[in-house]
Amino acid sequence: MDTGILILRLLVGLLVAGHGVQKISSHLGGKGLEGGTEEFRADGFRGGALTALAAGGGQIGSGLLLAAGLLTPLAATGTVGVMTVALTVKRHNGLWVQNDGYEYPLVLIGTAVALAAAGPGAWSLDAALGLTPYPLWWAALALVAGLGSGLLARLVLHRAPAAPPIAER
């Protein structure tokens, strides 16, 4: 079981971190901070480069913590938070990823919560530091806090759609 959890942590954690790197740099096929900023603006967010840096930094940090199995509930919370924002952006496209839907963020949310519930496994920094096992309620807290922080970020940073011109009303 520890091998499976290690593989899952590395896969998901490094993908989440890599996605964050793309938001703020030209590495891993990213379009640099300017491209990340433009992506958020196109999705209706305010804050410019600061928003891209916060999102990218959150993804890099939570992804690396998840991959390392360090402070796993906190890593899961961060992953759930940033992926909740992504889910809200893609929600109007439906579930499936081929339609730019929210399938992928939903899988990452579920995986992060599952890792918080199962624990990081024996081959993790949490285990090496004697931090495990975490109580199961940490997984519920990671889900609630992650969803809440993601929805709050969406509420605070997302611009309301512009009202149509009077002639169209």
Side-chain angles (χ1 to χ4, degrees), residues 1 4-24 28 30 36-37 39-40 43-97 100-121 123-127 129 131-159:
M1 184 154 100
I5 290 174
L6 173 65
I7 292 167
L8 191 59
R9 271 194 1 253
L10 289 172
L11 175 68
V12 171
L14 293 176
L15 284 173
V16 169
H19 195 72
V21 167
Q22 291 179 323
K23 293 264 185 284
I24 61 174
L28 304 177
T37 301
E39 178 186 344
F40 279 100
D43 287 336
F45 287 88
R46 61 178 143 243
L50 187 58
T51 300
L53 281 170
Q59 289 172 329
I60 293 167
S62 61
L64 291 177
L65 286 173
L66 201 60
L70 179 61
L71 304 174
T72 301
L74 179 65
T77 302
T79 300
V80 170
V82 294
M83 289 300 118
T84 296
V85 174
L87 188 149
T88 65
V89 168
K90 297 178 175 297
R91 176 180 46 95
H92 69 278
N93 296 326
L95 175 63
W96 302 113
V97 74
D100 197 30
Y102 60 90
E103 173 186 3
Y104 183 62
L106 183 61
V107 167
L108 292 176
I109 289 168
T111 304
V113 173
L115 285 168
W123 298 329
S124 67
L125 290 178
D126 279 346
L129 295 171
L131 299 175
T132 58
Y134 288 104
L136 186 57
W137 59 265
W138 274 103
L141 182 63
L143 177 63
V144 170
L147 288 173
S149 67
L151 292 173
L152 181 62
R154 171 71 183 222
L155 180 70
V156 170
L157 294 174
H158 200 263
R159 293 185 303 265

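Values in this document were obtained by computation on a predicted structure and should not be read as measured data. All values below come from the heavy atoms of this structure, side chains included, with hydrogens, waters and symmetry mates left out.
Taking each heavy atom of A127 and T132 in turn, the nearest pair found is CA-OG1, 3.6 Å. The minimum heavy-atom distance between S149 and G81, with the atom names listed, is OG-CA, 3.8 Å. G146 and T84 get closest at one heavy-atom pair: O-OG1, 4.1 Å. Of all the heavy atoms in I5 and G119, the pair that sits closest is CG2-O, 3.6 Å. Nearest heavy atoms, E39 versus K23: OE2-NZ, 3.3 Å. What you find for V82 and A55 is that their closest heavy atoms are CG1-O, 4.2 Å.
Taken to the nearest 0.5 Å, the OG atom of S124 stands 12.0 Å off from the CG atom of L65. To the nearest 0.5 Å, atoms CG (L14) and CG (L64) are separated by 7.0 Å. Note that CG of L131 and CG of L70 are 7.5 Å apart. Values are rounded to the nearest 0.5 Å. Atom OG1 of residue T51 and atom CZ of residue F40 lie 7.0 Å apart, to the nearest 0.5 angstrom. To the nearest 0.5 Å, atoms CE (M83) and CG (L147) are separated by 13.0 Å. L28 CG to L15 CG: the interatomic distance, rounded to the nearest 0.5 Å, is 10.5 Å.
A search for side chain to side chain contact (heavy atoms under 4.5 Å, CB included) contacts involving I24 returns L33, L53, I60, not counting sequence neighbours. By the side chain to side chain contact (heavy atoms under 4.5 Å, CB included) test, A117 is found to be paired with L136, A139, residues two or more places apart in sequence or in another chain being considered. Judged as a side-chain hydrogen bond (donor to acceptor under 3.5 Å, both in side chains), and not counting sequence neighbours, T111 has no contacts.
Between the side chain of R154 and the main chain of V85, no donor-acceptor pair closer than 3.5 Å is present. Between the R9 side chain and the L115 main chain, no donor and acceptor come within less than 3.5 Å of each other.
Sorted by first and then second residue, the salt bridge (charged side-chain N to carboxylate O under 4.0 Å, His left out) pairs involving residues 58-76 (not counting sequence neighbours) form an empty list. Residues in residues 100-120 take part in these salt bridge (charged side-chain N to carboxylate O under 4.0 Å, His left out) pairs, two or more places apart or across chains: K90-D100.
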Test L66 against V16 for side chain to side chain contact (heavy atoms under 4.5 Å, CB included), laying out the working first.
-> CA-CA 9 Å; L66 201 60; V16 169; 5.6 Å; no
For residues 71-78, which side-chain N or O atoms pair as donor and acceptor with protein atoms under 3.5 Å away, sequence neighbours left out?
{"residue": "T72", "atom": "OG1", "partner": "D126", "partner atom": "OD2", "Å": "2.7"}
{"residue": "T77", "atom": "OG1", "partner": "P73", "partner atom": "O", "Å": "2.8"}

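Contact check for I109 versus L87: side-chain heavy atoms found under the 4.5 Å cut-off.
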